[in-house]
Number of protein chains: 2
Amino acid sequence: MQRYFTITQLTQEFDITTRTLRFYEAQGLVSPTRRGRQRLYTHGDRTRIKLILRGKRLGFSLNDIREIIEMYASDPGETGQLRLLLDRISARREELLEKQRDIELTLLELDEVESGARTRISELEAGLSREKV
Amino acid sequence: MQRYFTITQLTQEFDITTRTLRFYEAQGLVSPTRRGRQRLYTHGDRTRIKLILRGKRLGFSLNDIREIIEMYASDPGETGQLRLLLDRISARREELLEKQRDIELTLLELDEVESGARTRISELEAGLSREKV
DNA sequence: CAACATATTGACTTTAACGTAAAAAGCCTG
DNA sequence: CAGGCTTTTTACGTTAAAGTCAATATGTTG
């Protein structure tokens, strides 16, 4: 297993541009180490990038994503901070559950549209295309 | 049940601004009728708005949403068009299923962070706060 | 080492999705 | 019907998330 990934390896793997990865770095979402000026991404960096892209697919902004990632990485020493973390977690969980419900609804609607379309196709194929079946 | 909704009623119900609704109209996503210059939204319009907002929560762009809504409303007369519709439906379904998986993963990660946090809280409350438990 | 590709940096541009502000129109209400 | 409110229209501004382009720098290969 290789120790480091280059920027182009990652752009190819995730189908994003170098500009995107540098932008994420400027936003403090990843911090690849350097060999000279060149960026070297560790497996940890790669995992972070996966998290970012997953967040994007779910419609989270980069700021949201930053907060989520920081939750993962945070290591609060006192109870108050830990309780605050628990609150944030449950807020995020609520959001995700709402998205799940939204998806369920949309899938159901797609099912309806699909079965409607299938019905009409079979009508047409049965030669019943003389209006008003 | 009322026949029409005013723009402000809908902005209040959905917690969006009039600017947003007019913007959606300019994008061809809703087409309220008019009484003079005033916009009157039907129940159908209201449903569309719900669809739009649901799409947004799932991270779809307004263009995506337009296409999805057009799928719902489309009434293609010939088999070729219907098959194309079926393709679009299954593509959208794939996207949604991917989002579902993304959500599952994220929920699992949140569970882990949460249980870690709970563990540390109980350690702290047990008075074991003298480093290295 | 010259040539050529690859990487970095910085500046400017673009696109989506609204926000904000100003002016005019419409419509109650005393 | 004057004053005040909401609504509409028009136009310009803003923000997030990159895209594009040009100038260097670095690396590598014959």
Side-chain angles (χ1 to χ4, degrees), chain A residues 2-42 45-46 48-70 92 95 99 102, chain B residues 2-42 45-46 48-70 92 95 99 102:
Chain A
Q2 57 181 313
R3 184 169 296 280
Y4 291 118
F5 303 92
T6 71
I7 195 168
T8 28
Q9 276 180 340
L10 295 180
T11 61
Q12 285 162 8
E13 175 173 2
F14 297 120
D15 194 30
I16 52 181
T17 68
T18 57
R19 180 69 182 88
T20 300
L21 279 179
R22 293 194 199 104
F23 182 73
Y24 291 166
E25 182 177 348
Q27 300 301 307
L29 292 169
V30 267
S31 313
T33 55
R34 300 289 178 118
R35 177 173 52 199
R37 335 181 78 205
Q38 223 187 315
R39 290 166 172 82
L40 296 177
Y41 294 84
T42 65
D45 294 326
R46 183 163 162 283
R48 263 167 180 268
I49 294 169
K50 275 198 209 175
L51 283 179
I52 297 169
L53 298 177
R54 206 167 74 198
K56 296 229 69 185
R57 284 197 299 273
L58 292 177
F60 288 110
S61 73
L62 292 185
N63 272 326
D64 289 336
I65 294 171
R66 189 206 325 284
E67 286 178 27
I68 295 175
I69 289 183
E70 278 168 7
R92 289 296 172 190
E95 274 183 87
K99 282 180 201 283
D102 287 333
Chain B
Q2 57 179 314
R3 186 170 294 281
Y4 291 117
F5 303 92
T6 71
I7 195 168
T8 27
Q9 276 181 340
L10 294 180
T11 61
Q12 285 163 8
E13 175 173 1
F14 297 120
D15 194 29
I16 54 182
T17 68
T18 58
R19 180 72 182 85
T20 300
L21 279 178
R22 293 195 197 104
F23 182 74
Y24 291 167
E25 182 176 348
Q27 299 302 307
L29 291 169
V30 267
S31 314
T33 55
R34 299 290 177 117
R35 178 173 52 199
R37 334 181 80 207
Q38 223 188 315
R39 290 166 172 82
L40 295 178
Y41 294 84
T42 65
D45 294 325
R46 184 163 162 281
R48 264 169 178 266
I49 294 168
K50 274 197 209 177
L51 284 178
I52 297 170
L53 298 177
R54 204 167 75 198
K56 294 232 69 185
R57 283 197 300 273
L58 292 177
F60 287 110
S61 73
L62 291 185
N63 273 326
D64 289 336
I65 293 171
R66 189 207 324 284
E67 286 177 27
I68 295 174
I69 288 183
E70 279 168 5
R92 289 298 171 187
E95 274 183 85
K99 283 179 200 282
D102 287 333

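Sequence lines set the chain letters: A, B, ... in the order given, protein chains first and strands last, and positions in each chain run from 1. In what follows, every heavy atom counts, from backbone to side chain, and hydrogens, waters and symmetry copies are set aside.
Here the C1' atom of nucleotide D:dG19 and the CG atom of A:Asp15 are 15 Å apart, to the nearest Å.
Evaluation of the side chain to side chain contact (heavy atoms under 4.5 Å, CB included) rule for A:Ser31 yields no partner, not counting sequence neighbours. Residues that satisfy the ring-ring contact (aromatic ring centres under 6.0 Å, His included) test with B:Tyr41, not counting sequence neighbours, are absent from this structure. Qualifying salt bridge (Lys or Arg N to Asp or Glu O under 4.0 Å) partners for B:Arg19, counting only residues two or more places apart in sequence or in other chains: none. The side chain to side chain contact (heavy atoms under 4.5 Å, CB included) check on B:Arg48 picks up B:Val30, B:Ile69, B:Ala73, with sequence neighbours excluded. Under the salt bridge (Lys or Arg N to Asp or Glu O under 4.0 Å) criterion, B:Arg46 pairs with B:Glu13, sequence neighbours left out. Applying the salt bridge (Lys or Arg N to Asp or Glu O under 4.0 Å) rule to A:Arg34 yields the partners A:Glu25; only residues at least two apart in sequence or on another chain are considered. Every residue was checked against the salt bridge (Lys or Arg N to Asp or Glu O under 4.0 Å) condition with A:Asp45, not counting sequence neighbours, and none meets it.
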- Give the B/S/- string for nucleotides 6-17 of chain D, one per nucleotide from 5' to 3', where a protein heavy atom under 4.0 Å of the base yields B, of only the sugar-phosphate yields S, and otherwise -. -SBB-B-----B
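Annotation: of the two residues near DNA chain D, A:Thr17 and A:Gly36, the 5′-most nearest-nucleotide partner is A:Thr17.
The span of DNA chain C lying next to chain B, judged by atoms under 4.0 Å from heavy atoms, is bounded 5' to 3' by C:dA17 to C:dG26.
In summary, the side chains of A:Thr8 and A:Thr11 do not present any donor paired with an acceptor at a separation below 3.5 Å, with no hydrogens or angles considered.
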